[in-house]
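Data first, discussion second: the structure below is written as structure tokens.
All of these numbers come straight from a predicted model, not from anything done at the bench.
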Amino acid sequence: MTSVFGLAPGARDVPVVPVVVIEDAADAVPLARALVAGGLPLIEVTLRTPAALDAVRAIAAEVPEAVVGAGTVVSAAGVADAVDAGARFLVSPGWTERLLGAMRDSGVPFLPGVSTASEVVALVERGVEDMKFFPAEAAGGVPYLKSLAGPLPRARFCPTGGISPGSAPAYLALPNVGCVGGTWMLPPAALAARDWGRVESLARGAAALRAPVSAGAR
């Protein structure tokens, strides 16, 4: 199965996955177009609102340049609904055996959430090497992920939760980070005003983020 990290150009080209909460499905297409225009084609629509599945469906149908996925997937039913709506990848904040099985059976790439070394070991033991590290900052941030790279070199992460434009490059410098998830390119005021130009500008800044040159990016 294709890795989530392989659905778009490598992390050095597309370092950030926008984590989107959509209240009105009518906003989905212009929002996705703004993100794509800004250089962020991998879009995670969280299943936190009644509009989420319709938003995934609309983006999948009308924005072919986008790779739309579903986040906050917490049940087997949610997996099925997301894939039926056109989600091309799945992201969960955590995992259980049942949820992991449903994501495996879905046929699309997925990122189960972890926040401890034991959870990482359990997934690697089950043949899963791509994961979401959540909530990234609260769970230990860059130092924690750096400490996992030595004993668990096969695990690769998309840290999400509390990451900012200032902290993202330090995460991206780590050998076990493929990309980061973030919301800073989607400020509530811009979304409320439907200021898609502002979203595109912030997306362009996020797409330009890179690890510090001295960090020895892979």
How many angstroms lie between [atom1] in [X] and [atom2] in [Y], if you round to the nearest 0.5 Å?
{"X": "Phe157", "Y": "Leu111", "atom1": "CZ", "atom2": "CG", "answer": "11.0 Å"}
{"X": "Leu191", "Y": "Leu186", "atom1": "CG", "atom2": "CG", "answer": "5.5 Å"}
{"X": "Leu31", "Y": "Ile59", "atom1": "CG", "atom2": "CD1", "answer": "6.5 Å"}
{"X": "Ser75", "Y": "Asp81", "atom1": "OG", "atom2": "CG", "answer": "7.5 Å"}
{"X": "Tyr171", "Y": "Leu145", "atom1": "OH", "atom2": "CG", "answer": "6.5 Å"}
{"X": "Asp84", "Y": "Arg57", "atom1": "CG", "atom2": "CZ", "answer": "8.0 Å"}

How far apart are the C-alpha atoms of Val128 and Arg104, what are their side-chain angles, what is the distance that settles it, and do they pass the side-chain contact (heavy atoms from CB on, under 4.5 Å) test?
CA-CA 10 Å; Val128 178; Arg104 279 187 187 275; 3.4 Å; yes

Might you point out which heavy atoms bring [X] and [Y] nearest each other, and give the distance in Å?
{"X": "Pro159", "Y": "Val177", "value": "CD-CG1, 3.8 Å"}
{"X": "Pro169", "Y": "Pro165", "value": "CD-O, 3.2 Å"}
{"X": "Ala190", "Y": "Val199", "value": "CB-CG2, 4.4 Å"}
{"X": "Met185", "Y": "Ala206", "value": "CE-CB, 4.1 Å"}
{"X": "Ala55", "Y": "Ala25", "value": "N-CB, 4.2 Å"}
{"X": "Ala117", "Y": "Leu152", "value": "O-CD1, 4.4 Å"}

Side chain proximity check, [X] to [Y], heavy atoms < 4.5 angstrom:
{"X": "Val180", "Y": "Val17", "value": "no"}
{"X": "Val142", "Y": "Leu174", "value": "yes"}
{"X": "Val14", "Y": "Pro41", "value": "yes"}
{"X": "Val73", "Y": "Leu99", "value": "yes"}
{"X": "Arg194", "Y": "Asp24", "value": "yes"}
{"X": "Glu44", "Y": "Thr46", "value": "yes"}
{"X": "Trp196", "Y": "Asp27", "value": "yes"}
{"X": "Cys179", "Y": "Cys158", "value": "yes"}

Flag, side chain of [X] to backbone of [Y], donor-acceptor distance under 3.5 Å:
{"X": "Ser92", "Y": "Val74", "answer": "no"}
{"X": "Thr160", "Y": "Phe134", "answer": "no"}
{"X": "Glu125", "Y": "Val121", "answer": "no"}

Does a side-chain N-to-carboxylate-O contact under 4.0 Å join [X] and [Y]?
{"X": "Glu97", "Y": "Arg126", "value": "yes"}
{"X": "Glu129", "Y": "Arg156", "value": "no"}
{"X": "Asp130", "Y": "Arg154", "value": "no"}

Kindly check if the number of other-residue, nucleotide or ligand heavy atoms within 6.0 Å of CZ (Arg198) is above 12?
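Counting neighbours around CZ of Arg198, 12 or fewer heavy atoms of other residues, nucleotides or ligands fall under 6.0 Å, so no.
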
Joint hydrophobic cluster, [X] plus [Y], side-chain heavy atoms closer than 4.5 Å:
{"X": "Phe89", "Y": "Val19", "answer": "no"}
{"X": "Val63", "Y": "Val16", "answer": "yes"}
{"X": "Val45", "Y": "Val36", "answer": "yes"}
{"X": "Leu40", "Y": "Trp184", "answer": "yes"}
{"X": "Leu53", "Y": "Ile43", "answer": "yes"}

Do the two ring centres, one from Tyr144 and one from Phe133, sit under 6.0 Å apart?
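Judged by ring-centre distance (under 6.0 Å), Tyr144 and Phe133 do meet the cut-off.
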
Residue of the set Met103, Met131, Lys132 for which side chain to side chain contact (heavy atoms under 4.5 Å, CB included) holds with Phe110:
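When Met103, Met131, Lys132 are each tested with Phe110, the side chain to side chain contact (heavy atoms under 4.5 Å, CB included) holds only for Met103.
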
Intermediate values then yes/no, side-chain contact (heavy atoms from CB on, under 4.5 Å), Leu123 and Leu100
CA-CA 9 Å; Leu123 284 177; Leu100 185 65; 4.0 Å; yes

Decide yes or no on side-chain contact (heavy atoms from CB on, under 4.5 Å) for Leu90 and Val108, but give the supporting numbers first.
CA-CA 7 Å; Leu90 305 168; Val108 302; 3.7 Å; yes

When you look at Arg33 and Val29, which way does the side-chain contact (heavy atoms from CB on, under 4.5 Å) test go after all the steps?
CA-CA 6 Å; Arg33 286 175 175 159; Val29 168; 3.4 Å; yes

